[in-house]
Amino acid sequence: MRIGYPCINMTVGCKGDRTFRLKSYSEWRVRETVKNNLDCLLRVLRFNEEHNILFFRITSDLVPFASHPVNTFNWQDYFRSEFDDIGDFIRKSRIRISMHPDQFTLINSVDKDIFERSCKELAYHAQILDLMNLDTCTKIQIHVGGVYKNKEKSMNRFVKRYFRLDSSIQCRLAVENDDRLYNVADCLKISGETGMPMLFDVFHHSVNRTDTTVNGALRLSSKTWNLKTDGIPMVDYSSQRIGGSPRQHAESIELRQFKNFLKETFPVDFDLMLEIKDKEKSAIKAVEVASRDSRFLKTIENWSGSERNDKS
DNA sequence: CTTAGTCAAGGGGTA
DNA sequence: TACCCCTTGACTAAG
């Protein structure tokens, strides 16, 4: 078990998701922004390694307008050595990476143009991971998409469209249950029809549930991950914001609940993404709690003495 | 300098 | 049809 958080670190003092307005687009601006974002990403990854945070979601905003026609700059070649270096660091530290395209990436959209744009956006995500030479255990997680007034048809459209995607994208995709439309059972069905692993989101399950328990859903989704090609399952975790609307994420991790979750899911192994607003602060607390859990300990201890700690 | 409006991209629910 | 929610700042022009 690795523990991590998404995209942003609030301690290190740099932002890895800087962007700008379309109106102020220039090649120079892309170059400067991507340089900043890649530098920052490496700093954040170093911070994470030092704190035993070995799971991290890379922001989709790494390259501004990456899949937009306005961006004709060949950032892939220009930053090749930076991507190489970051990838080397990730592999050496045994950090697990995921990405999560924004909600307008919809491969089941009834609108062909939206599907086309989504393909480009997914290609961009896969390209980032390819440039870092990361394997297929590195996942790009997406939701099923909209219902468009006919859920069954929309699920079938998702499956059909999946098979039209480039294999470099297919091999990295995981489908995640969302908080309103497609629950665990729906995603398991799609997983069965496509062969893609299902990423279980504990919080979404609590607001868009089936009659399966957390543990049941976890076990079912775990079976969809091929250990060799997909790695151990990824799981998203959050709790509800106190006093907030039912779908809002918590400000900080609720430790009592988290301990309970660890107990409840034992001994199923997975990598856990904490979708909590205060980011690395909660991740550090969770690592502290999990350091009494054998799944987490095994991960850390198995790696001592390996390359990772061989820095002298 | 501070502030408020705006920003590439969607879907769904409600009034 | 119009607006709000999800979520998230941070960019940018205006004051």
Side-chain angles (χ1 to χ4, degrees), chain A residues 5-30 32-34 36-37 40 44 57-73 75 99-125 140-155 157-158 161 175-183 186 201 203-208 236 238-252 273-282:
Chain A
Y5 62 96
C7 305
I8 294 166
N9 179 300
M10 311 208 290
T11 307
V12 295
C14 66
K15 291 269 170 241
D17 61 347
R18 276 180 49 190
T19 184
F20 49 84
R21 298 284 177 268
L22 182 56
K23 271 196 286 189
S24 50
Y25 180 91
S26 74
E27 190 173 304
W28 174 84
R29 193 107 193 227
V30 180
E32 291 304 304
T33 306
V34 175
N36 167 82
N37 289 351
C40 184
V44 171
R57 183 182 300 163
I58 293 179
T59 177
S60 299
D61 294 329
L62 204 61
V63 180
F65 306 102
S67 69
H68 191 287
V70 74
N71 190 344
T72 53
F73 175 56
W75 50 269
M99 294 187 88
H100 193 348
D102 278 313
Q103 78 277 11
F104 42 79
T105 302
L106 294 158
I107 73 171
N108 82 340
S109 176
V110 286
D111 182 335
K112 283 254 166 62
D113 292 340
I114 293 175
F115 172 62
E116 291 303 326
R117 284 196 291 274
S118 299
C119 288
K120 289 198 172 72
E121 183 69 4
L122 288 172
Y124 151 65
H125 283 76
I140 300 168
Q141 59 190 90
I142 54 169
H143 295 296
V144 181
V147 166
Y148 310 100
K149 299 191 171 74
N150 187 331
K151 196 166 174 181
E152 196 188 341
K153 270 192 181 164
S154 295
M155 286 170 74
R157 195 164 49 250
F158 180 99
R161 294 268 179 81
V175 63
E176 177 194 352
N177 56 306
D178 67 70
D179 55 0
R180 288 177 307 147
L181 309 176
Y182 293 97
N183 61 25
D186 301 324
D201 187 306
F203 182 52
H204 291 164
H205 184 62
S206 73
V207 290
N208 182 20
D236 281 359
S238 181
S239 40
Q240 195 179 329
R241 177 166 201 162
I242 300 161
S245 82
R247 286 158 56 198
Q248 277 181 318
H249 287 183
E251 192 61 45
S252 188
M273 181 61 65
L274 303 173
E275 295 189 315
I276 294 170
K277 288 209 171 223
D278 66 359
K279 306 286 175 184
E280 77 282 359
K281 281 205 186 80
S282 284

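Just so we're clear, the structure is a prediction, and the values are computed from it rather than from any experiment. Computation of the quantities below employed the complete heavy-atom set of this structure, encompassing side-chain atoms and omitting hydrogens, waters and symmetry-equivalent molecules. Chain letters run A, B, ... following the sequence lines, proteins first, then strands; residues in each count from 1.
- With both ends at atom P, the span from B:dT6 to C:dT7 equals 23 Å, rounded to whole Å.
- Comparing B:dA9 with C:dT12, their P atoms sit 16 Å apart, to the nearest whole Å.
- Taking atom CZ of A:F20 as the reference point, atom P of B:dA8 lies 10 Å away to the nearest angstrom.
- At a cut-off of 3.5 Å, with distance as the only test, a side-chain donor of A:T11 or A:E280 sits close to an acceptor on the other residue.
- Using a 4.0 Å cut-off, no side-chain N or O of A:K277 falls inside it from OP1 or OP2 of C:dT7.
- Across all strands, A:T105 comes closer than 4.0 Å to no nucleic acid atom at all (heavy-atom distances).
- Not one side-chain nitrogen or oxygen of A:T19 sits closer than 4.0 Å to the OP1 or OP2 atom of C:dC11.
- Distance from the side chain of A:F65 is smallest to B:dA8 among B:dA9, C:dG9, B:dA8.
- In this structure, of B:dA9, C:dC11, B:dG11, it is C:dC11 that holds the atom nearest to the side chain of A:R18.
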Pairs under 3.5 Å (Watson-Crick or G-U), crossing ones as [ ], inter-strand ones as |: DNA chain C comes out as ||||||..|||||||

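- Spacing between atom NZ of A:K15 and atom C1' of C:dC11 amounts to 14 Å, rounded to whole angstrom units.
- Comparing the same atom, C1', in C:dT8 and in B:dG5 gives a spacing of 15 Å after rounding to whole Å.
- As judged by a 4.0 angstrom heavy-atom cut-off over every strand, A:S109 is placed among residues touching the sugar-phosphate backbone only.
- The CG atom of A:N36 sits 4.5 Å away from atom CZ of A:R18, with the distance rounded to the nearest 0.5 Å.
- Whole-Å rounding puts the A:D278 CG to C:dT8 C1' distance at 15 Å.
- The distance between atom CG of A:L22 and atom C1' of B:dT6, rounded to the nearest whole Å, is 13 Å.
- A sub-4.0 Å separation between OP1 or OP2 of B:dC7 and a side-chain N or O of A:K23 is absent.
- Between B:dG11 and C:dA10, the two C1' atoms lie 25 Å apart (nearest whole Å).
- At least one test fails for A:K281 against the ring of A:Y5: distance under 6.0 Å to the centre or angle within 45° of the axis.
- Using a 4.0 Å heavy-atom criterion, one finds that A:L181 contacts the sugar-phosphate atoms exclusively.
- Each of A:I8 and A:S24 lies near DNA chain C, and the nucleotide nearest A:I8 is the one positioned closer to the 5' end.
- Rounded to an integer number of Å, the gap from CE of A:M10 to P of C:dT8 is 11 Å.
- Taking the six-membered ring for Trp and the full ring otherwise, A:F65 and A:F20 have centroids separated by under 6.0 Å.
- Across the protein-nucleic acid pair, A:N9 atom CG and C:dG9 atom P stand 14 Å apart, rounded to whole Å.
- You'll find that the side chain of A:R29 is closest to C:dC11, out of B:dA9, B:dG11, C:dC11.
- With B:dA8, B:dA9, B:dG11 as the candidates, the nucleotide lying closest to the side chain of A:R21 is B:dA8.
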